[in-house]
Amino acid sequence: KAGVTQTPRYLIKTRGQQVTLSCSPISGHRSVSWYQQTPGQGLQFLFEYFSETQRNKGNFPGRFSGRQFSNSRSEMNVSTLELGDSALYLCASSHRTGVGKTQYFGPGTRLLVL
Amino acid sequence: GESVGLHLPTLSVQEGDNSIINCAYSNSASDYFIWYKQESGKGPQFIIDIRSNMDKRQGQRVTVLLNKTVKHLSLQIAATQPGDSAVYFCAEEGTSYDKVIFGPGTSLSVIP
């Protein structure tokens with residue numbers, strides 16, 4: 001099976017712009033979670049989608065949003081970019097939701113905000 | 001933000017020695033714990049997990065120990081190899097909040 005894929009792998013934006021990142025989960029997986037990874041804050045949970053519904057949300061401002069399509073592919077959007085949004089954004093998929101699900105991570109999208 | 005308490009130490013071990021990576025968690029309601037390995041340029045990779053009703057679980061060359069009394073988790077790697085060099089994260093999840101919370105990570109460096 002192909003693993004989790006994320007596009008683009010690298011992105012440079014300027015403050016105030018918006019960005020959309022894409023994640024294709026492992027075939028058959030219906031849960032997609034997004035994480036932000038920075039040196040200072042580590043890995044922080046953004047949100048989880050399961051069967052096109054947001055199931056859980058982390059402590060991020062409303063500028064961060066996401067969605068999931070019927071084929072389980074997911075996108076996340078960050079509007080009005082700030083310098084502090086520079087990070088590695090990771091997507092993880094799982095065949096189910098709930099505690100104890102095994103997550104498989106993609107390689108991430110590295111976003112640099114100038 | 002929320003985090004499992006691990007203050008980003010680095011650990012250097014000789015090839016062939018055993019490694020022990022420690023993690024303190026803060027939420028006594030957590031009932032599922034996971035260790036991940038992240039190599040440079042890659043996403044985290046699942047290593048081993050343990051439920052709160054267990055205190056030890058073994059995998060291939062890895063063992064996870066859970067001490068709920070002191071809210072402590074450890075990962076033991078036997079016969080450490082150069083390919084084990086990576087950042088290791090512990091993570092916790094609980095039915096009351098049902099999202100994965102990661103620790104800050106430990107960088108393991110294996111000396112050939």
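Order of the sequence lines sets the chain letters (A, B, ...), proteins ahead of strands, with each chain counted from 1. When reading the values below, keep in mind they use all heavy atoms of this one structure, side chains included, and skip hydrogens, waters and symmetry mates.
Atoms NZ and NZ, on B:Lys99 and A:Lys57 in that order, are 9.0 Å from each other to the nearest 0.5 Å.
Side chains of A:Leu43 and B:Tyr36 form no contact here, defined as non-hydrogen atoms less than 4.5 Å apart.
Under a hydrophobic-cluster definition in which Ile, Leu, Val, Met, Phe, Trp and Tyr are linked whenever side-chain heavy atoms come within less than 4.5 Å, directly or via other members, A:Phe64 and A:Leu11 are assigned to the same cluster. No chain of hydrophobic side-chain contacts below 4.5 Å, direct or via other Ile, Leu, Val, Met, Phe, Trp or Tyr residues, connects B:Leu65 to B:Tyr25. Note: the hydrophobic cluster containing B:Leu75 also contains B:Val110 (ILVMFWY, side chain heavy atoms under 4.5 Å, direct or indirect links). Residue B:Met54 is grouped with residue B:Trp35 when hydrophobic side chains (ILVMFWY) are merged at heavy-atom distances under 4.5 angstrom, including chains of intermediate members. Residues A:Leu46 and A:Leu88 do not share a hydrophobic cluster, defined by chaining ILVMFWY side chains whose heavy atoms lie under 4.5 Å apart.
For the set B:Pro44, B:Gly43, B:Gly41, the entry with the most heavy-atom pairs within less than 4.5 Å of chain A is B:Pro44.
Heavy-atom neighbours of B:Lys56 NZ from other residues, nucleotides or ligands within 6.0 Å: at or below the threshold of 12. No more than 12 heavy-atom neighbours from other residues, nucleotides or ligands sit within 6.0 angstrom of CZ on A:Arg15.
With a 4.5 angstrom heavy-atom cutoff, B:Gln38 touches chain A only via side-chain atoms.
The interface of residues 89-101 of chain A with chain B, defined by heavy-atom distances below 4.5 Å, comprises A:Leu90, A:Arg96, A:Gly98, A:Val99, A:Gly100, A:Lys101. Within residues 103-114 of chain A, the residues having any heavy atom under 4.5 Å from a heavy atom of chain B are, by residue number, A:Gln103, A:Phe105, A:Gly106, A:Pro107.
The shortest heavy-atom contact between A:Tyr35 and B:Val100 is OH-CB, 3.5 Å.
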